[in-house]
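Here the structure is laid out as structure tokens; the discussion comes afterwards.
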Amino acid sequence: MNSPLQSGQHRNPLPPARETVGEPDRDPPAGPPGAAAGERTETAKPAKQRDSFFDNAKYLAIVFVAMGHAWEPLTDHSRAAEALYMVVYTFHMPAFIIISGYFSRSFDMRPDRLKRLVTGVAVPYVIFEVAYAFFKRWADHDPDQPISLLDPWFLTWFLVALFIWRLTTPLWKLVRWPVPVALAIAALASVSPDIGDDLDLQRVLQFLPYFVIGLFLKPEYFQLVRRRWLKIVSVPVFAIAITVAYWAAPRMTSAWFYHRDSAQELGGPWWSGIVMTFALLGCSLALTTCFFAWVPKRKVWFTVLGAGTLYGYLLHGFLAKGSRFWGWFDDYAWLHKPAGEVFVTLVAAAVVTALCTPPVCRIFRFAMEPKMAWAFKRDPAESARRRAGNGPGGSDRERASGSEGGSRSDRDNSNSNSNSNSNSVEGAAAVRR
């Protein structure tokens, strides 16, 4: 299936993401773009609504992330669980990362966006990296667990990756063939065992093509996946994927789907890394497209939860790891029976759903979206807007300008997760250690 990807051969960059399908909501501008200071407009443009499709996609993806973590202890004794685990790992993180790339298209080095990148990605990384380390010391009785900002633990690798990917966004807009270049980098990383564990660069580089693909996706792609015929086609595609995964479960390691190690570290010849990079990319894009086809397009009961997927992603990690530290899967053998596997799946979905709710987001906003105005110098452009605000209509334009910078960056970072962010999200992510 041909995805309408941007080839990267156009001279002009993509238009700002706010002009495309799926742009998060933001305050309407106070006047036309060329309104001079002192001009008062008669009417204001209506506020743009969030596209429910993207919030729904982020929520469903984070549910699959949580279920994947819950299935991990079951895969050693259940071939069916292993098959489902492999299928889910084929598309849940690529879906998050593609959405993150799509909502990063307008990112540049503008001061307000850099601030949001720091407060919405870098600071949460530091906070949760430290929190996870202390949690492991307590829950796993491991007082020697180090606190290392260079070695992301469990889920925090996604924040490191998102930070690096977003910083490189302006560079990808200059490259003539961005997707092939990103794919070549991923293939080379898969055959380079000496990269090491610092900042989880293997994952950063091997997942890079999905982010770049998201950067250059046309809005028409997300219109295409809304077609009914694609939803119908996706059913046999998923059936085939599950069948193949059931056959492959005892014959290959699911570590290939983590993109955490080189081919040599997984016990394969060097060239298998290149083959698997291309093979997994094709499978991931196909299943991600099929996943998007089944995402509801209208507002449903869980749409509001799509804005909190990065919260659910990072917070559910404590329970995912705690269940291993406390031996729940070892103490309760019935969890390895079919009924127990269904129970575990439902509990994982319910827990991550609760963690994405607005009350939970409000409680943990201090860690996920800190303001930190005290940490940054005042932006000269903001000062100029404040001075212009002294004139008639100026304060309205100042609020609109601030909304365009801050709100856009807020939504960008939450859609990774991400969005995953999510927003996130996304999602933002999801590998076992």
Are any side-chain N or O atoms of [X] and backbone N or O atoms of [Y], one a donor and one an acceptor, separated by less than 3.5 Å?
| X | Y | result |
| --- | --- | --- |
| Arg116 | Asp112 | no |
| Asp200 | Val160 | no |
| Thr253 | Ala255 | yes |
| Thr156 | Trp153 | yes |
| Thr75 | Glu82 | no |
| Asp142 | Arg137 | no |
| Gln206 | Arg260 | no |
| Asp140 | Lys136 | no |
| Lys297 | Val295 | yes |
| Arg79 | Tyr246 | yes |

* Below 4.5 Å, heavy atoms only, C-beta onward: do Phe302 and Thr357 meet side chain to side chain? -> no
* Does the side chain of Val181 reach to within under 4.5 Å of the side chain of Trp172, using non-hydrogen atoms? ->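 Sidechains of Trp172 and Val181: in contact.
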* Between Asp108 and Arg113, is there a side-chain N and carboxylate O pair less than 4.0 Å apart? -> yes
* Using 4.0 Å as the upper bound for N to carboxylate O, is an ion pair formed by Glu72 and Arg324? -> yes
Can [X] and [Y] be counted as having a side-chain donor-acceptor contact under 3.5 angstrom?
| X | Y | answer |
| --- | --- | --- |
| Ser104 | Arg166 | yes |
| Thr303 | Asp55 | no |
| Ser100 | Trp165 | no |
| Tyr59 | Thr353 | yes |

For residues [X] and [Y], establish whether the separation of their ring centroids is below 6.0 Å.
| X | Y | value |
| --- | --- | --- |
| Tyr89 | Tyr85 | yes |
| Phe158 | Phe207 | no |
| Phe91 | Phe238 | yes |
| His69 | Phe154 | yes |
| Phe54 | Phe222 | yes |

What is the minimum heavy-atom distance between [X] and [Y], and which atoms define it?
| X | Y | value |
| --- | --- | --- |
| Pro296 | Asn56 | O-ND2, 2.9 Å |
| Glu129 | Asp151 | OE2-O, 3.1 Å |
| Ala182 | Pro209 | O-CG, 3.6 Å |

* To do: Going by the side-chain contact (heavy atoms from CB on, under 4.5 Å) test, name the single residue among Ile98, Ile164, Val204, Thr169 that passes it with Phe211.
  =>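 Exactly one option meets the side-chain contact (heavy atoms from CB on, under 4.5 Å) with Phe211, and it is Thr169.
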* Out of curiosity, Leu280 CG to Tyr210 OH, how far, rounded to the nearest 0.5 Å? ->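 Going from CG on Leu280 over to OH on Tyr210, the span is 6.0 Å.
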* To do: Measure up the Phe318 and Phe128 rings against each other and bin them: parallel (under 30°), tilted (30 to 60°), perpendicular (over 60°).
  =>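 The arrangement is tilted - the two ring planes meet at 30° to 60°.
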